[in-house]
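Only a predicted model underlies this, so the values are computations on that prediction, with no experimental measurement involved. All heavy atoms count here, side chains included; hydrogens, waters and symmetry mates do not. Convention: sequence-line order gives letters A, B, ...; per-chain numbering from 1.
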Protein chains: 2
Amino acid sequence: MLELRLVQGSLLKKVLEAIKDLVNDANFDCSATGFSLQAMDSSHVALVALLLRSEGFEHYRCDRSISMGMNLGNMSKMLKCAGNDDIITIKADDGSDTVTFMFESPTQDKISDFEMKLMDIDSEHLGIPEAEYHAIVRMPSAEFARICKDLASIGDTVVISVTKEGVKFSTRGDIGTANIVLRQNTTVDKPEEATIIEMNEPVSLTFALRYMNSFTKATPLSNTVTISLSSELPVVVEYKIAEMGYVRFYLAPKIEEDEDETKPQV
Amino acid sequence: MLELRLVQGSLLKKVLEAIKDLVNDANFDCSATGFSLQAMDSSHVALVALLLRSEGFEHYRCDRSISMGMNLGNMSKMLKCAGNDDIITIKADDGSDTVTFMFESPTQDKISDFEMKLMDIDSEHLGIPEAEYHAIVRMPSAEFARICKDLASIGDTVVISVTKEGVKFSTRGDIGTANIVLRQNTTVDKPEEATIIEMNEPVSLTFALRYMNSFTKATPLSNTVTISLSSELPVVVEYKIAEMGYVRFYLAPKIEEDEDETKPQV
DNA sequence: TGCAAATCGG
DNA sequence: CCGATTTGCA
């Protein structure tokens with residue numbers, strides 16, 4: 001028996017908006033710890049990891065660990081039927097091949113329940129090692145989204161370069177080149193507008209903008225985003241979910257070509 | 001060496017939105033006087049003239065007159081990457097075949113630079129004589145845009161007729177006819193809502209609405225538009241750019257056919 | 001039906 | 001000034 005009651009149902013709606021374009025089908029893993037998901041995107045290039053800790057739910061009952069395969073498109077369709085301030089409860093009976101989403105309007109005047117068939121999905125659950133990163137950039141998520149969108153109108157890939165002074169996003173395309181530099185700025189009153197750079201050593205990595213722009217679908221989940229970079233390691237783009245956990249996206253850097261002209265230089 | 005710093009960068013963004021649909025490629029001419037452009041539209045029917053006077057720039061350095069051929073679509077793409085209250089600087093080195101657009105966010109925390117290849121464009125720079133017009137109508141630009149859009153849903157051409165009493169916009173199409181009359185009104189408190197008619201002699205001219213509706217893309221540049229009419233002269237549709245200059249569109253009238261039914265009468 | 005532009009509200 | 005919503009267009 002599984003029963004997870006989430007008062008801020010809009011969180012779950014946003015989570016699905018954030019990942020459903022990247023991943024079609026995935027197993028949600030439910031244990032005493034929390035509600036989580038780990039899946040490769042459909043082209044097996046990027047990886048999504050979601051965690052919603054049990055403490056973030058108003059009520060969390062999970063008698064035994066269970067893995068539930070869902071079609072995220074269909075799940076998203078159902079969650080769209082929930083109001084933004086509905087309370088959402090996820091329910092599943094032991095051995096059942098369905099999951100039920102229950103939506104309660106704030107006034108309790110409207111109670112909906114949507115039942116969805118589960119799927120069998122084989123998933124290789126990857127252990128993702130905690131790694132040391134050469135540089136970690138924390139910045140406003142809206143700004144990151146804007147930069148990825150702007151650069152995608154010029155080129156296909158972005159070079160992210162971090163130095164102590166700031167972070168530079170560069171691209172190059174048929175019509176020209178673009179460089180966007182953000183200075184470190186911690187002095188603002190509002191911490192969510194700060195750009196903070198923790199750097200152990202300078203790093204410069206190239207990524208496909210197409211994936212970055214998928215990741216930024218998670219922008220509504222958090223005012224800030226954290227980008228963790230190391231040479232030869234996948235970048236981690238993390239959106240924290242207040243009080244509950246995170247959505248993290250992993251993407252391997254493109255191997256740099258030897259011709260200097262193919263990419264902008266630091 | 002060229003370096004033009006425009007504090008109100010949104011002006012340049014709006015200028016490109018206003019003209020990029022009409023003109024694909026054009027030479028921007030930069031001299032001590034200012035930054036200007038003159039180009040025929042791609043079907044060689046209408047003419048666009050832009051002037052941004054040097055006094056309107058915060059910093060204006062243009063060592064020697066230079067003509068820079070740009071693809072306006074690509075230039076517009078790059079300017080879309082500037083924030084609406086960014087400061088925009090246009091830079092070009094002598095003899096370089098590229099131009100650089102630099103965008104500074106108001107807080108100076110984000111500095112972007114976009115480099116674009118220049119093109120070789122042959123352009124016949126027409127001297128446009130100052131002419132005496134039979135009638136000059138000044139009216140709210142939004143109202144003019146609305147009229148052109150409305151009339152285009154009925155017919156293909158507009159007859160603009162000016163008398164002392166007012167200005168009439170007429171069209172005729174398969175489904176019927178339309179006449180919109182604006183009375184002269186100078187009495188309003190707000191001068192940008194006035195409709196002012198200076199008339200030396202009555203005039204009635206026919207124009208293709210397709211072009212008029214392209215011209216109205218410049219509406220965001222100014223609250224008012226000035227329409228200058230003379231028989232046998234191209235109409236001038238002018239949007240003033242505060243403190244800096246103008247965008248002017250020129251369009252030859254259609255030669256009137258002899259059948260009375262082909263056009264509405266005054 | 002889905003996307004983009006315009007408008008309104010925060 | 002930006003974001004969200006609504007509306008019109010393809």
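The side chain to side chain contact (heavy atoms under 4.5 Å, CB included) test applied to E115(B) returns T177(A), T98(B), T100(B), not counting sequence neighbours. With sequence neighbours excluded, no residue satisfies ring-ring contact (aromatic ring centres under 6.0 Å, His included) with F101(A). Remark: R210(A) pairs with no residue by the salt bridge (Lys or Arg N to Asp or Glu O under 4.0 Å) rule, at least two apart or across chains. Partners of Y246(A) by ring-ring contact (aromatic ring centres under 6.0 Å, His included), not counting sequence neighbours: none found. The side-chain hydrogen bond (donor to acceptor under 3.5 Å, both in side chains) check on E238(B) picks up K240(B), R248(B), with sequence neighbours excluded. Partners of F28(A) under the ring-ring contact (aromatic ring centres under 6.0 Å, His included) rule, at least two apart in sequence or in another chain, are F35(A).
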Report, one line per pair, each donor and acceptor closer than 3.5 Å where one atom sits in a side chain of residues 217-227 of chain A; sequence neighbours left out.
residue : atom : partner : partner atom : Å
T219(A) : OG1  : T216(A) : O            : 2.5
S222(A) : OG   : T224(A) : N            : 3.1
S222(A) : OG   : T224(A) : O            : 2.8

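Residues F207(A) and F215(A) have side chains not in contact (no heavy-atom distance under 4.5 Å, counting atoms from C-beta outward).
Among pairs with a residue in residues 69-79 of chain A, those fulfilling side-chain hydrogen bond (donor to acceptor under 3.5 Å, both in side chains) read E17(A)-S76(A), D25(A)-N71(A), at least two apart in sequence or across chains. Residue pairs meeting the salt bridge (charged side-chain N to carboxylate O under 4.0 Å, His left out) criterion with at least one partner in residues 37-59 of chain B, sequence neighbours excluded, are R5(B)-E58(B).
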Just the atom pairs and distances: protein N or O near nucleotides 1-3 of chain D's N or O, under 3.5 Å.
residue : atom : partner : partner atom : Å
dC1(D)  : O5'  : D85(B)  : OD2          : 3.3

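Atoms CG (D21(B)) and P (dC9(D)) sit 16 Å apart, rounded to a whole Å.
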For nucleotides 2-10 of chain C, 5' to 3', base contacts (B), sugar-phosphate-only contacts (S) and non-contacts (-) with protein non-hydrogen atoms under 4.0 Å give ---------

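For the contact set between residues 212-224 of chain B and DNA chain D, defined by any heavy atom under 4.0 Å, there are no members.
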